Amino acid sequence: MLVRDAMTTVVLTIGPTHTLRQAAALMSARRVGAAVVHDPDAGGIGILTERDILNSVGRGQDPDTERAHAHTTTDVVFATPAWTLEEAARAMAHGGFRHLIVLDDDEPAGIVSVRDIIRCWVPARRQVPA
């Protein structure tokens, strides 16, 4: 199975000046665990995850003043839609992260998460008739 079969194609994209509270609200509303941060001035895209927000709040930082750019991972490993799920899982395990931005023609086409991979690898639980 390929990344294109598992990835979420609705990508939440935010700017580098969004506050962490704004990012968290958008992520919560869309029920996603990561946002692509597009920063044309810094030369590319990065990723902000729920863990990044949690770490900031855990350090006592104010989510109303902290900006996404200060917490964005810019050293990103990108997947392509043609990667196998094994390749994606290996990259995540090696890098210690749970989300990969999927690029197609150098543009974000989706995000694949550990949850997406598990959903594909583990058959859905069947309802047992009562």
Side-chain angles (χ1 to χ4, degrees):
M1 190 169 278
L2 302 178
V3 164
R4 76 170 45 90
D5 303 318
M7 70 183 192
T8 301
T9 57
V10 177
V11 179
L12 172 61
T13 302
I14 63 171
T17 60
H18 276 79
T19 66
L20 292 187
R21 184 174 308 278
Q22 290 169 325
L26 290 168
M27 290 163 67
S28 177
R30 300 252 179 110
R31 300 180 50 88
V32 297
V36 171
V37 180
H38 180 66
D39 188 352
D41 294 332
I45 59 176
I47 191 167
L48 179 73
T49 67
E50 57 200 358
R51 184 180 299 170
D52 297 325
I53 296 169
L54 180 67
N55 287 339
S56 174
V57 171
R59 287 192 297 270
Q61 296 174 331
D62 183 353
D64 289 315
T65 59
E66 288 296 312
R67 303 293 173 176
H69 68 82
H71 303 277
T72 298
T73 300
T74 55
D75 183 20
V76 180
V77 174
F78 298 102
T80 70
W83 275 21
T84 65
L85 292 186
E86 289 81 7
E87 288 174 299
R90 192 174 307 114
M92 289 177 189
H94 180 74
F97 44 80
R98 298 178 297 169
H99 299 87
L100 283 170
I101 299 172
V102 182
L103 292 183
D104 195 10
D105 293 326
D106 294 324
E107 291 295 322
I111 292 184
V112 65
S113 70
V114 170
R115 180 178 291 156
D116 296 326
I117 294 171
I118 291 170
R119 181 178 38 81
C120 290
W121 281 350
V122 178
R125 290 177 29 181
R126 294 187 210 199
Q127 295 292 327
V128 178

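These numbers come from a predicted model, not from an experiment.
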Novice: Look up atom CD in Gln22 and atom CZ in Arg67, then write down how far apart they are to the nearest 0.5 Å.
Specialist: 6.5 Å
Novice: Could you tell me which non-hydrogen atom of Val11 sits nearest to which non-hydrogen atom of Arg30, and how far apart they are?
Specialist: O-NH1, 4.3 Å
Novice: Step by step, work out the side-chain contact (heavy atoms from CB on, under 4.5 Å) result for Ile117 and Met92.
Specialist: CA-CA 11 Å; Ile117 294 171; Met92 289 177 189; 4.0 Å; yes
Novice: How far apart are the closest heavy atoms of Val112 and Ala6, and which atoms are they?
Specialist: CG2-CB, 4.3 Å
Novice: Which heavy atom in Ala82 sits nearest to a heavy atom in Leu2, and how many Å separate them?
Specialist: O-CD2, 3.5 Å
Novice: Atom CZ of Arg21 and atom OG of Ser28: how far apart are they, to the nearest 0.5 Å?
Specialist: 12.0 Å
Novice: Taking the side chain as C-beta and beyond, is there a heavy-atom pair between Pro108 and Thr13 under 4.5 Å?
Specialist: no
Novice: To the nearest 0.5 Å, what is the distance between OG1 on Thr84 and CG on Asp5?
Specialist: 11.0 Å
Novice: What pair of heavy atoms forms the shortest contact from Leu100 to Ala79, and how long is it?
Specialist: CD1-CB, 4.0 Å
Novice: If we ignore hydrogens and angles and just use 3.5 Å, is the side chain of Asp105 paired with the main-chain N or O of Glu107 as donor and acceptor?
Specialist: no
Novice: Same cluster for Ile101 and Val114 if Ile/Leu/Val/Met/Phe/Trp/Tyr side chains link at under 4.5 Å?
Specialist: no
Novice: Please say yes or no: joined through hydrophobic side-chain contacts below 4.5 Å, possibly via intermediate residues, are Ile53 and Val37 part of one cluster?
Specialist: yes
Novice: How many angstroms lie between atom OG1 of Thr8 and atom CZ of Arg31, to the nearest 0.5 angstrom?
Specialist: 12.0 Å
Novice: Checking Thr73 side chain against Val76 main chain: does a donor-acceptor pair fall under 3.5 Å?
Specialist: no
Novice: Any side-chain heavy atom of Asp104 sitting closer than 4.5 Å to one from Arg4?
Specialist: no
Novice: Starting from Val102, can I reach Val36 by hopping between I/L/V/M/F/W/Y residues whose side chains sit under 4.5 Å apart?
Specialist: no
Novice: Got Arg98 and Glu50 here, is their nearest side-chain heavy-atom distance under 4.5 Å?
Specialist: yes
Novice: Is there a chain of hydrophobic side chains (I, L, V, M, F, W, Y, each step under 4.5 Å between heavy atoms) that links Leu54 to Val57?
Specialist: no
Novice: With distance as the sole test, does His94 use its side chain to make a donor-acceptor pair with the main-chain N or O of Ala91 at under 3.5 Å?
Specialist: no
Novice: Please tell me whether Val10 and Leu103 are part of a single hydrophobic cluster in this structure, the criterion being side-chain heavy atoms less than 4.5 Å apart.
Specialist: no
Novice: Determine whether Phe97 and Ile47 satisfy the following criterion, side-chain contact (heavy atoms from CB on, under 4.5 Å), listing intermediate values before the conclusion.
Specialist: CA-CA 11 Å; Phe97 44 80; Ile47 191 167; over 6 Å; no
Novice: Say you draw a straight line from CG of Leu20 to CG of Leu48; how long is it, rounded to the nearest 0.5 Å?
Specialist: 6.0 Å
Novice: Do you know the tightest heavy-atom contact between Ile14 and Ala23?
Specialist: CD1-CB, 3.8 Å
Novice: How long is the straight-line distance from OG1 of Thr72 back to CG of Asp39, given to the nearest 0.5 Å?
Specialist: 8.0 Å
Novice: Is the CG atom of Asp64 crowded by more than 12 outside heavy atoms at less than 6.0 Å?
Specialist: yes
Novice: For Glu66 versus His71, what's the shortest heavy-atom pair and its separation?
Specialist: OE1-NE2, 2.8 Å
Novice: Do the side chain of Asp52 and the main chain of Thr49 share a donor and acceptor less than 3.5 angstrom apart?
Specialist: yes
